[in-house]
Amino acid sequence: MTDTLTIAIDGPAASGKGTIARQIASYFELRHLDTGSLYRGVAAMVRDQGIFPTDGDAVARIADSLTIDVLERDDLRDAGIGNLASIVAAHPQVRESLMQWQRNFAMGGAVLDGRDIGTVVLPDANAKLFVTAEIDVRAARRWRELSAQEDIAYRTVLDSIEERDRRDAERSTAPMVHAEDTDLLDTTEMSIEQAVAEALRLVNKQIKAA
Ligand code: DC
């Protein structure tokens with residue numbers, strides 16, 4: 001059963017989905033892919049090569065050339081890269097280019113987290129969650145992470161998350177959405193341990209119901 005288990009965890013920035021996805025993967029002994037890192041990798045290469053992020057075809061060529069080692073770059077979590085990732089992710093050609101990559105990774109079982117995993121990448125996943133939290137709680141979490149590495153104001157982080165939420169939810173291809181067939185997990189008032197426990201309960205419930 002575990003061999004072919006695929007689990008989709010979607011949600012906005014700093015909702016806790018990454019930590020939840022990692023822990024669920026470890027619980028079920030599955031591989032985990034943070035798909036945001038793929039878009040962040042494309043964004044980092046776009047920045048390195050001085051490509052206009054609005055040039056969809058040029059950005060898609062970068063996406064076509066993406067290799068797994070890009071995930072090792074240590075600048076992927078920089079504040080500016082998150083925003084640039086959200087801009088390049090809006091191009092349909094870029095999403096198409098990264099689609100097969102993600103599906104190949106999921107073959108044989110995996111946990112993927114992102115924005116469109118349960119809706120587009122793995123619509124037949126065995127379990128699907130949409131993890132969210134109130135915007136100020138998410139901004140405070142992300143600010144704590146970022147301010148350990150760079151000097152950044154809380155307001156800058158809040159504005160950037162708001163902008164990203166809007167762009168990710170309003171784009172025409174594969175927008176971030178809480179789909180009807182997906183359990184909602186609001187982590188606003190939860191510790192990470194509580195959120196992981198609740199996520200596991202929901203995933204196990206969905207697997208049993210299938
Ligand atoms: O999860 P993250 O914050 O690292 O993602 C960075 C950006 O990448 C996000 O703002 C939108 C984009 N993204 C996407 O469009 N689809 C995904 N499955 C994952 C991320």
Side-chain angles (χ1 to χ4, degrees), residues 6-22 25 32-47 53-54 56 59-60 62-63 66 70-106 110-123 125 128-133 135 137-146 149 152 156-179 182 185 187:
T6 51
I7 300 174
I9 316 270
D10 287 305
S15 56
K17 66 181 188 308
T19 309
I20 288 172
R22 255 192 315 281
H32 165 236
L33 179 64
D34 160 10
T35 65
S37 296
L38 302 178
Y39 293 94
R40 285 173 183 265
V42 172
M45 289 170 70
V46 161
R47 190 173 64 177
T54 47
V59 179
I62 296 278
L66 203 73
V70 79
L71 304 183
E72 305 299 321
R73 288 180 62 135
D74 56 14
D75 58 352
L76 294 189
R77 311 306 305 172
D78 292 359
I81 289 289
N83 221 357
L84 194 53
S86 154
I87 294 171
V88 300
H91 297 301
Q93 315 91 298
V94 173
R95 307 201 69 80
E96 187 57 37
S97 168
L98 296 180
M99 174 87 81
Q100 206 50 47
W101 217 102
Q102 298 170 76
R103 288 188 175 156
N104 287 345
F105 184 94
V111 179
L112 269 61
D113 74 82
R115 302 288 187 291
D116 62 336
I117 307 304
T119 49
V120 177
V121 179
L122 303 173
K128 303 189 201 182
L129 297 182
F130 189 87
V131 181
T132 190
I135 179 85
V137 170
R138 290 190 285 121
R141 287 176 186 163
R142 185 50 52 86
W143 177 78
R144 272 196 298 276
E145 271 170 36
L146 290 172
Q149 301 148 19
I152 190 160
T156 307
V157 177
L158 177 67
D159 289 349
S160 161
I161 288 187
E162 265 175 349
E163 188 186 333
R164 225 145 47 92
D165 279 0
R166 198 168 34 251
R167 197 183 296 113
D168 294 344
E170 290 178 0
R171 67 178 173 229
S172 50
T173 306
M176 172 178 72
V177 61
H178 169 220
T182 301
L185 174 55
T187 66

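Atoms within a ligand are numbered from 1 in the order they appear, just like the ligands themselves. Keep in mind the model is a prediction, meaning the values are calculated, not measured.
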Decide yes or no on side-chain contact (heavy atoms from CB on, under 4.5 Å) for Thr187 and Ile20, but give the supporting numbers first.
CA-CA 10 Å; Thr187 66; Ile20 288 172; 4.3 Å; yes
Determine whether Leu158 and Ile135 satisfy the following criterion, side-chain contact (heavy atoms from CB on, under 4.5 Å), listing intermediate values before the conclusion.
CA-CA 8 Å; Leu158 177 67; Ile135 179 85; 3.6 Å; yes
Step by step, would you call Arg40 with Asp34 a side-chain contact (heavy atoms from CB on, under 4.5 Å)?
CA-CA 10 Å; Arg40 285 173 183 265; Asp34 160 10; 5.9 Å; no
Decide yes or no on side-chain contact (heavy atoms from CB on, under 4.5 Å) for Asp78 and Arg47, but give the supporting numbers first.
CA-CA 12 Å; Asp78 292 359; Arg47 190 173 64 177; 4.1 Å; yes
Assess whether side chain to side chain donor-acceptor pair (under 3.5 Å) is satisfied between Ser86 and Arg167, documenting all intermediate values.
CA-CA 7 Å; Ser86 154; Arg167 197 183 296 113; 2.7 Å; yes
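The backbone and the side chain of Arg115 each have at least one atom closer than 4.0 Å to an atom of ligand 1 (non-hydrogen atoms only). Contacts between Arg167 and ligand 1, counted as non-hydrogen atom pairs separated by less than 4.0 Å, are absent for every part of the residue. At a heavy-atom cutoff of 4.0 Å, ligand 1 is contacted by no atom of Arg142, backbone or side chain. The part of Arg95 lying near ligand 1 is the side chain, judged by heavy-atom distances below 4.0 Å.
Taking a cut-off of under 4.0 Å to the non-hydrogen atoms of Asp116, the atoms of ligand 1 that pass are 16 (N), 17 (C), 18 (N). The ligand atoms of ligand 1 that sit less than 4.0 angstrom from a heavy atom of Gly114 are 17 (C), 18 (N), 19 (C). Of all the atoms in ligand 1, the ones that sit under 4.0 Å from a non-hydrogen atom of Lys17 are 1 (O). Against a heavy-atom cut-off of under 4.0 Å, Ala85 is close to the following atoms of ligand 1: 6 (C), 7 (C), 8 (O).
What sits closest to atom 4 (O) of ligand 1 on the protein, heavy atoms only, is Arg40 NE, 2.6 Å. Scanning the protein for heavy atoms near atom 19 (C) of ligand 1, the closest one is Thr35 OG1, 3.4 Å. Considering only non-hydrogen protein atoms, atom 12 (C) of ligand 1 sits nearest to Ala89 CB, 3.7 Å. Remark: minimum distance from atom 6 (C) of ligand 1 to any protein heavy atom is reached at Arg164 NH1, 3.4 Å. Ranking protein heavy atoms by distance to atom 8 (O) of ligand 1, first place goes to Tyr39 CB, 3.5 Å.
Nearest heavy-atom pair, His91 versus Pro53, reported as atom, atom and distance to 0.1 Å: NE2-O, 2.7 Å. Pairing each heavy atom of Met176 with each of Arg171, the nearest pair is N-NH2, 4.4 Å.
Ion pairing between a basic and an acidic side chain is recognised when a charged N comes within 4.0 Å of a carboxylate O; Glu145 and Arg142 show such pairing.
The shortest N or O to N or O distance between Asp168 and ligand 1 is under 3.5 Å.
With hydrogens and angles left out, the side-chain atoms of Arg95 and Thr173 include no donor and acceptor closer than 3.5 Å.
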